[in-house]
> 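The structure is given below, and queries will be raised subsequently.
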Amino acid sequence: MRDVVLWLSGAALAFLVTAGAFLLLANLATAPSEKSLNPDGAPGGSGHTLDLQLDRERLASLEPLPDQSLDLAVENEGDEQLTHVNVTLIVSSENTALSDPRYYRQTVEKLPVGGTASVRFEFDLLAPEQPVAIPPAANPEPPREILELRATTPDGNSTVRTVILPP
Amino acid sequence: MLSRVASVGRFALAVLSIAAVLAVGCAHADEEVSIEPLAPASGRVDPGLGPGTRALSSGPGYKASPSWSPGGGRIAFTVDGYVVDKPTGSGDRRRWTTRDFIAEDTEWESDDALMILGAALPSGTEEMSSSLYRARAGEDSLELERVERDVSAIAPAREGLIFALGSGTRESGLALTRGAGKIHRLYSRPIDGHVTSLSLSPDGDEAVLAVRPPGDPEISGLHTFDLRKGKGREITRLDGNQEILGTPQWTEQGIYFVAGERSKPVDSGGSEPLYEIFRVPEEGGAPETAPGVGEDFVAASIRVSPDGERLAVIGRLNPKSPTNLYVLDPLIEDFTAVTTNEDMEIKTGPDDLAWSPGGKSVAVIARGTPSTEPEVRADPADRLLRDFYNLYEIPVGGSEEPQR
């Protein structure tokens, strides 16, 4: 009986000692080892330095034809002048089996604090031809076209706008 | 005195050994490993389909035919005709078929092999005929191994797959695969008519088939087939221009199927709904409207739970209601709305819902109502959910153990 009591009190004491030791060790580590993760997958930054402004009326007037153009405004909302801001446009179809996306790129050389630069893209919005006749059961709806615009600073901050155009 | 010293010694030994065990047990085996960022689709979201709903896919593409892996860790589906799968948690998609292949349906043979019903796109005027293929995970190329030509329907079976053979209208056959896509049993006795869909009984010994009888333009015949005896029979035939929609489901309380008049418009304003759920006993007879389901209910698709005790139903309470997910318990005739969504379009294809192996949740495909104006979003296209048809896991309760 006495042995049992001894083992139980020993176990309780050991638990308290070990728990205390681990608490002490945990508090000694002051800096977290993991970096905060950027959900956008951008190499760094919060992604709020740039703003992309689109004209909804112009978007509504886009047609599924070649030689379409789109103007957008890139605004520096940060507190440092930016240079070499890359602006990309990816044109793709909602039907992911149809074709590969088409890529376009422009560069804004200088963007002062609070400044806005206008960027024009001229691109092909013609729906890609289906390489073969796909049965309607695979996708019975006319696919929508998707424009993905991304402005990226040299240090990796980026801002994205995705436009889904009705068929 | 000696006994006192011994007691203190034992106490000290106890303290030291327990502390050692605790310290070793709590220690890290390795250095810290970096945590992969969760894709937005892997978190719990409320896309309008109720709390606890989880997105299983994201981005553009017309998705269909979800199928959970036997262990429940992955889900396969078709996107614009090709086959992909992805972990049900976070992780990237794997693509299983090429752009020139159109998949109609896909089922898991094991946790690392898929059986795919589909066809390579024909060149010129060549007629398209579906075949059954097998694909293995982890292989570099997207090559498929053809198991059989002229296959009209597939369904998971115990340790393999059951499929219907025959491209003609007069007769069909059945076969079972088991292990590495090999045909384990080919049933010699033919079925009159063309089998369009099939599924197994809860014990896996019988199959129920939707059949287009010879000379009939509609899928009006319901057959059962005993897989042990290799014999089948017609258990009911629908009158008029009524047609069976999708795959009939064999529950512990009888066989359920969706049927209606295909030609009747959905919003005709009539009191009779377009498609209803019917029940017929295993022995056969005249079908009756499924008890427990409201008389105005418009059914789209049904799927039996892995234990055979519940039916997941996609449909509308009446022709003007939004589409939602319901669960019918045929034993107690209880019909419960799982979602009460007003603004999401739940896809109503006959194969667009699937139970998880444990029967705890159902995968459906849904999207927000598309706009007629350009929509602008602040996320990349491949992370968008509501703008495109995507898969969602909706909890429905039930057992946790996989049934297969």
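Per chain, numbering begins at 1; letters A, B, ... match sequence-line order.
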> Do Pro370(B) and Arg144(A) come within less than 4.5 Å of each other through their side chains, counting heavy atoms only?
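They are in contact (side-chain heavy atoms under 4.5 Å apart), so the answer is yes.
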> For the residue pair Pro380(B) and Glu148(A), establish whether any side-chain heavy-atom pair is separated by less than 4.5 Å.
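Yes, at least one pair of side-chain atoms sits under 4.5 Å.
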> More than 12 heavy atoms of other residues, nucleotides or ligands under 6.0 Å from CZ of Arg149(B): is that the case?
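Atom CZ in Arg149(B) is not crowded, with 12 or fewer foreign heavy atoms closer than 6.0 Å.
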> Given that the side chain runs from C-beta out, which part of Ala64(B) has a heavy atom under 4.5 Å from chain A: side chain, backbone, both or neither?
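Answer is neither: Ala64(B) stays 4.5 Å or more from chain A.
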> Decide, yes or no, whether a salt bridge links Lys63(B) with Glu94(A) under the criterion of side-chain N to carboxylate O below 4.0 Å.
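Result for this pair is no, no salt bridge flagged.
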> Taking the side chain as every heavy atom from C-beta outward, state whether Pro166(A) and Pro374(B) have any atom pair closer than 4.5 Å.
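The answer is yes; the side chains approach within 4.5 Å.
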> Would you say Arg56(A) and Val376(B) make side-chain contact, with heavy atoms under 4.5 Å?
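Yes, their side chains come closer than 4.5 Å.
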> Does Glu57(A), at its CD atom, have more than 12 non-hydrogen atoms belonging to other residues, nucleotides or ligands within less than 6.0 Å?
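No, the 6.0 Å shell around CD holds no more than 12 heavy atoms from other groups.
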> Side chain from CB out, backbone as N, CA, C, O: work out which of these in Leu54(A) comes under 4.5 Å of a heavy atom of chain B, or both, or neither.
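Side chain only.
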> Is it the case that more than 12 heavy atoms not belonging to Arg105(A) sit under 6.0 Å from its CZ atom?
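For Arg105(A), atom CZ is not crowded (no more than 12 foreign heavy atoms under 6.0 Å).
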> Considering only heavy atoms, which portion of Thr372(B) lies under 4.5 Å from any heavy atom of chain A: side chain, backbone, both, or neither?
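Backbone only.
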> Is the shortest heavy-atom distance from the side chain of Asp379(B) to the side chain of Thr162(A) under 4.5 Å?
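A side-chain contact is absent here, since even the closest heavy-atom pair is not under 4.5 Å.
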> Check whether Phe388(B) gets within reach of chain A through its side chain, its backbone, both or neither, counting any heavy atom under 4.5 Å.
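Both backbone and side chain of Phe388(B) come within 4.5 Å of chain A.
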> Can you say whether Ile146(A) sits under 4.5 Å from chain B via the side chain, the backbone, both, or neither, judging by heavy atoms?
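Only the side chain of Ile146(A) comes within 4.5 Å of chain B.
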> Do the side chains of Thr96(A) and Val79(B) get nearer than 4.5 Å, heavy atoms only?
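Side chain of Val79(B) against side chain of Thr96(A), heavy atoms only: contact under 4.5 Å found.
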> Counting C-beta onward and ignoring hydrogens, is there a side-chain heavy-atom pair between Asp80(B) and Leu98(A) closer than 4.5 Å?
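No - every pair of side-chain heavy atoms lies 4.5 Å or more apart.
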> Are there more than 12 heavy atoms of other residues, nucleotides or ligands under 6.0 Å from atom CD of Glu80(A)?
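Open: at most 12 neighbouring heavy atoms sit under 6.0 Å from CD of Glu80(A).
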